[in-house]
Every structure is written in structure tokens, then in C-alpha cells.
Amino acid sequence: MRVLVTGGAGFIGSHVVGSLASAGHEPVLFDLLLPEAHPTAPDLPDAEFVRGDVRDADAVRRALRGIDAVCHQAAMVGLGKHFADAPAYVSCNGLGTAVLLATMAETGVRRLVQAGSMVVYGEGRYECPCHGPVRPGPRAVEDLESGRFEPRCPRCGADLVPGLVSEDAPADPRNVYATTKLAQEHLAAAWARAEGGRAVSLRYHNVYGPGMPRDTPYAGVASFFRSALARGEAPRVFEDGGQRRDFVHVRDVARANAAALAALGETAAGGHAAYNVGSGEPHTVGEMAAALAAAHGGPEPVVTGEFRLGDVRHITADSSRLRRDLGWRPTVGFAEGMADFARAPQRAPAAAV
């Protein structure tokens, strides 16, 4: 298939382009190359490149000529720093997706793989010893300030046991970025129903690997730590370092996109499906910082006790549906991946769009 990859010059998008090419597809990069995201000219993958903005219907219409499917990776990413970032997130993620889908409807392109995120869940899955599965609300500021980071049972206040979250868990976005990622999924589902399209949303967990941007508040925690080590500084671990995450290598995420695209090509049925994309190996943020620092040669991480409002404590994936339905398997283990990432080059700093 001839596949348009929006955001194809970015961290994940460039890896998706390579994976699609290896699978025998013909990827076409579509990217605005904003200087805020690409302060220096990026090394583009070996594929056709179209410069444009997903919010520009004319540019999208031109790019969709001869296209069979779209892998939509373009987005403003990360938690951001202030609520003042909200208009930019909504514009890039919400409006951009709406324009893309409307133009796909107009031009008859009926296959979509959309880059989703685990942030749509808010907190992960928890069990209370007395009340079974519960959904804690946002953590109280006074608890965080006193160093109590674990969510409490909303019914009895007991400590909770974290578990894996499945795609059937209710959505509970806790910040603007999360809200826009959920909106993208709802738009994709509405488009599929209205147009008879086929759409897959891949809910990425904590993606890391070669080519992550450095020194930016809009990247993931792995990039923060890698950037600090490159400067010869100790990674600063927030809270007590016990936050559980699922760190998944970017090569495995790119392969998940190729698997989803193949599945869309094999069925004529319309509709929308969401899949978690995780390694299946939960680790704490502290463990990740220590592994990265050891592989890089130090300095050792420093646990600060600081926190960010809007962060969740534990969120780890159950990716069994993706394995079962699409035959995808992660190939890069935690130790191997962190050792690779500790030596891998990073991109020039990116900032808010």
C-alpha cells in the first residue's frame, strides 16, 4: 500500500516510515517541519516527502492523492508546562485530526492507523484489599506535599495494589494532552462510522529509543534522563521513583503500526478498534533511571521527592489483545533497550508548537 505518514519526520514517525518500507509498503512523509519541533534540519527517512500542515485541508488533499491508507503520528506531545498550552494542544491534535479525517472522507481514503496514548486512562488499574477493583481520583496536593504518593481507596482510604489496565477500562484523562488524545480516538471512531472506514488507535505506553528529542519539557521521562546524562548530570527522579510504567522501544511501536496496517488491508469490515502497545514488562521510573545511568556510565540518579500535578502514579499495559488479534510481539527487552538507548544519539531540542 501507499501510506501517508503524518508527522513522518518525527521521533516515532520516522521509525514508522522505516518499518512500513521494510514490510513492503510505499510510505510518504507528511510533516510541517516546524522549527519549534525541528530546530535543525532532520535526517529524513528514505521516502517521498511532502511538506505541509494537517490543519491545512488543501495541503492534506494534495498529499492524499494516490494514497491507500494513513498512519497519523502528527501531534503535539507531552504533558506540557502550563494550562496556557491548551489552545496549541487542541489546535494541533484536535483540529489537525478533524481536518485530516474530513479530507480523507472527501478523497475516499478509508484506512487509518492513529497514534493514541495510554494517558487516556488516567490512573491505571487498582485493587483494594477490602473493596476489590476501584478507580481512585486525582491525588490530593496535601498528600503529594507530605510525600504520600500512592493513591488511596476512594471508599476506605486503604493502600491499593496496582495492576495492568486493559482497553476496556473507562477513559479518565487527567490533563489537556490526554484529553486531546482521547478526542482523536473519538474523531476516528466517528469518521469510521460515518464513512464506512477502518480505523485502529494504538495506545502507546512510554516510548523510548534512538532519535528522541533532548532537553525539552514536552518529551517523555526517558528523554529527560538521557538528556541529563549527556550533560554529565544526574537524572532527577520525581516522587520516590516508585511510579510504575511500561517502557516500550520505538522499534516495537513502529512494528505495531505495520501490523495494524496489515490487519486493515485484510478486512473489508468498517469500524474502530483500540489496542494497548506496551512491552509487557512493568518497571518503576527509578529502575529505568538506574538502568540508563548504569549503561551510560553514571552519574547515579537522584530521587527528589518533587511532583507534577496531572501526573499519574501507576499506568501499565495489558497488551494481550494486540498480541492475540494482530500477532504482534515486542522484540526489545528492557535491559537491551536501555543499554541501546544510553548510547544512542538524540535529536536537537524540540519545544511547544
Side-chain angles (χ1 to χ4, degrees), residues 11 37 39 76-85 117-119 123-124 138-151 162 174-178 204-250 279 281-316 334-335 337-352:
F11 164 49
M76 184 175 174
V77 301
L79 181 62
K81 293 188 293 184
H82 310 289
F83 196 83
D85 292 329
S117 173
M118 54 82 182
V119 295
E123 287 285 354
R139 293 177 292 172
V141 173
E142 54 268 27
D143 281 347
L144 297 171
E145 288 178 340
S146 67
R148 183 183 178 107
F149 301 117
E150 295 293 338
R174 300 285 177 93
N175 54 60
V176 171
Y177 170 64
Y204 302 159
H205 280 247
N206 288 68
V207 186
Y208 73 97
M212 286 193 85
R214 68 177 185 268
D215 298 326
T216 167
Y218 297 89
V221 66
S223 178
F224 294 173
F225 295 164
R226 177 67 177 80
S227 299
L229 290 165
R231 298 191 301 269
E233 300 172 3
R236 295 177 59 82
V237 180
F238 279 14
E239 302 186 14
D240 60 358
Q243 311 93 304
R244 284 164 52 94
R245 296 290 187 269
D246 187 321
F247 300 101
V248 58
H249 198 277
V250 68
S279 69
E281 295 184 59
H283 288 273
T284 68
V285 171
E287 288 171 344
M288 187 272 286
L292 197 57
H296 191 272
E300 294 183 359
V302 175
V303 177
T304 69
E306 298 171 89
F307 61 88
R308 296 193 306 178
L309 290 176
D311 277 352
V312 298
R313 179 61 175 176
H314 304 298
I315 177 68
T316 52
F334 179 78
M338 288 299 159
D340 172 63
F341 183 45
R343 298 184 294 268
Q346 291 181 274
R347 290 180 176 228

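Between F149 and L144, the closest side-chain pair of non-hydrogen atoms falls below 4.5 Å. Contact annotation: the side chain of L229 approaches that of P299 to within less than 4.5 Å [non-hydrogen atoms, C-beta and beyond]. No side-chain heavy atom of Y177 sits under 4.5 Å from any side-chain heavy atom of D85. Contact annotation: the side chain of V221 approaches that of F247 to within less than 4.5 Å [non-hydrogen atoms, C-beta and beyond]. Residues F11 and P213 meet the side-chain proximity criterion, which asks for heavy atoms closer than 4.5 Å. Looking at heavy atoms from C-beta onward, H205 lies in side-chain contact with I315 at the 4.5 angstrom threshold. Side-chain contact between M118 and N206 is present, with at least one heavy-atom pair separated by less than 4.5 Å. R148 is not listed as a side-chain neighbour of R139, based on a closest heavy-atom distance of 4.5 Å or more.
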Next item on the list: Begin with the C-alpha distance, continue with both residues' side-chain angles, and end with the deciding distance and a verdict on side chain to side chain contact (heavy atoms under 4.5 Å, CB included) for F307 and E145.
Entry: CA-CA 8 Å; F307 61 88; E145 288 178 340; 3.8 Å; yes

Check: Could you walk me through whether R226 and Y208 pass the side chain to side chain contact (heavy atoms under 4.5 Å, CB included) check?
Finding: CA-CA 10 Å; R226 177 67 177 80; Y208 73 97; over 6 Å; no

Check: Could you go step by step and tell me if F225 and V285 meet the side chain to side chain contact (heavy atoms under 4.5 Å, CB included) rule?
Finding: CA-CA 10 Å; F225 295 164; V285 171; 3.7 Å; yes

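Residue H283 comes nearest to E281 through the heavy atom pair CD2-O, 3.0 Å, listed as atom of the first residue, atom of the second, then distance. Across A339 and A295, no two heavy atoms sit closer than the pair CA-CB, 3.8 Å. Between L292 and A222, the closest heavy-atom pair is CD2-O, 4.0 Å. A291 approaches F334 most closely through the heavy-atom pair CB-CE2, 3.9 Å. Heavy atoms only, all atoms of each residue included: A234 and A228 are closest at O-CB, 4.1 Å. Residue N175 comes nearest to A178 through the heavy atom pair OD1-N, 2.8 Å, listed as atom of the first residue, atom of the second, then distance.
With values rounded to the nearest 0.5 angstrom, R245 atom CZ is found 10.5 Å from T284 atom OG1. H296 NE2 to M338 CE: the interatomic distance, rounded to the nearest 0.5 Å, is 13.5 Å.
The main-chain N or O of G209 is never found under 3.5 Å from a side-chain atom of H249 such that the two would form a donor-acceptor pair.
Considering Q243, E150, R244 in turn, E150 is the only one that fulfils the side-chain hydrogen bond (donor to acceptor under 3.5 Å, both in side chains) rule with H314.
Side-chain contact annotation: D246 with T316, donor-acceptor N/O pair under 3.5 Å absent.
In summary, R313 and E123 do not engage in a salt bridge, as defined by a charged side-chain N under 4.0 Å from a carboxylate O.
Within a 6.0 Å sphere centred on CD of E300, other residues, nucleotides and ligands contribute 12 heavy atoms or fewer.
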